[in-house]
Number of protein chains: 2
Amino acid sequence: MFQQMSFKELMKVLGLGAVAFVLGVESLNWLTRRLRDSRGPLKEVLFFPSPQVCVEHLFTRHNHFPCACPLPHRIETSFSRLLKHLLSARLSLDLCVFSFSHMELSRAILLLHKRGVVVRVVTDRDYMTITGSQIGALRKAGICVRHEMSKAVHMHHKFALVDGRKLITGSLNWTLTAVQSNKENVMVTEEPELVRPYQQEFQKLWEANDPANHKPQSTNGEINR
Amino acid sequence: MFQQMSFKELMKVLGLGAVAFVLGVESLNWLTRRLRDSRGPLKEVLFFPSPQVCVEHLFTRHNHFPCACPLPHRIETSFSRLLKHLLSARLSLDLCVFSFSHMELSRAILLLHKRGVVVRVVTDRDYMTITGSQIGALRKAGICVRHEMSKAVHMHHKFALVDGRKLITGSLNWTLTAVQSNKENVMVTEEPELVRPYQQEFQKLWEANDPANHKPQSTNGEINR
């Protein structure tokens, strides 16, 4: 067919084909956008306890990593969804958590730090030193951790902000008991009206608990009066 | 002017006036609906600790109730907003809370029960008997309370559903320390995609912890094997 066509005709056909292709792709894009917009921003609710399954594949970029562990494989659970959301961070992770002793969640945070994601952690003063706490491991790796400065107050939040636009919040402390035994909830959302206040709260707590602003108490009676 | 008009003309003017009035009201309604729709369903975030203020006016239908207490009056706080949302219940309140010792929150629940609102509470087995727990007071008033049946598990949720369409959830236990001292968060939303899963979770927990389904353990070895 092409042999019988003049060069001009061939260019016309190719040109029309290209235009049709571009229009097709654009229409598809438009349709996808419309469908996504009609659903609105991400809103997901996870309930715990979560059954124990293998999550090794989430820690490697090679998705077909073979794992010989005895746990069930390739099963999606509330915990694997939570891990996936955390590991989706590309720029930053702001974490505000009362109690943090879960080994796999700690491994995820360390991995993000290693990947160059800017991780900031605010935690409770008392709970950061309990047995099994992962706060020491995070600090050792160079992650900046601040704790509630007041002795009389608990920093009881359990929320995280992924890249400043995905909020993960709920009743779940980052412990094995919370994940595997307790009745807990976690909400994941990109709804700006919900994300914004948590971002502001994180920044407020981050600044309020800056050790630079908390100088050792003076021995001068005047200040302590 | 009306004296110079014929009856027919007068009816025309009145008719046109009525049509204009109805159209005006309808347009206003349409505009209000459009404005509300553009903002989407209710989304509110409350942070704690909340300063102590007088909330007496929230417990009475007469909004100008005079109160002589020494606390600041007519100041809106995170706690007064939380109370307002709870007291807005007209039909039902489903509450799933780990620890409940806050006197004013207990008073709000008892008031709702007295008003005929159907209140259902699911709580933790261990924490419902600690000093100051309000669970006994609720049960005494005739409110149906169920607790986590398993001894090894904590019912760690802190959420409430008002009239099955408003979700109140976060890190806040219903205690005085949580409200007045701790760093806590509560989210209030009518977003159906978020409300629905919590409704289903409540129903699941309500049925799972029905005492009728938990008969005393048999002494027959076969059942316990």
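A, B, ... follow the sequence lines: proteins, then strands. Residue 1 opens every chain.
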Put together the list of donor-acceptor pairs under 3.5 Å connecting chain B with chain A, please.
unit_1	atom_1	unit_2	atom_2	d
B:E148	OE1	A:K183	NZ	2.7
B:E148	OE2	A:K183	NZ	3.3
B:H154	N	A:N182	OD1	3.2
B:H154	O	A:K183	N	2.9
B:H156	N	A:K183	O	3.0
B:H156	ND1	A:S171	O	3.1
B:H156	ND1	A:E184	OE1	2.8
B:H156	ND1	A:E184	OE2	3.1
B:H157	N	A:K183	O	3.3
B:H157	ND1	A:N185	ND2	2.9
B:S171	O	A:H156	ND1	3.1
B:N182	OD1	A:H154	N	3.2
B:K183	N	A:H154	O	2.9
B:K183	O	A:H156	N	3.0
B:K183	O	A:H157	N	3.4
B:K183	NZ	A:E148	OE1	2.7
B:K183	NZ	A:E148	OE2	3.4
B:E184	OE1	A:H156	ND1	2.8
B:E184	OE2	A:H156	ND1	3.0
B:N185	OD1	A:Y198	OH	3.0
B:N185	ND2	A:H157	ND1	2.9
B:Y198	OH	A:N185	OD1	2.9

Honestly, the part of B:L167 sitting under 4.5 Å from a heavy atom of chain A is side chain
Got a sec: does the CE of B:M149 have more than 12 other heavy atoms crowding it under 6.0 Å?
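Check passes, neighbour count above 12.
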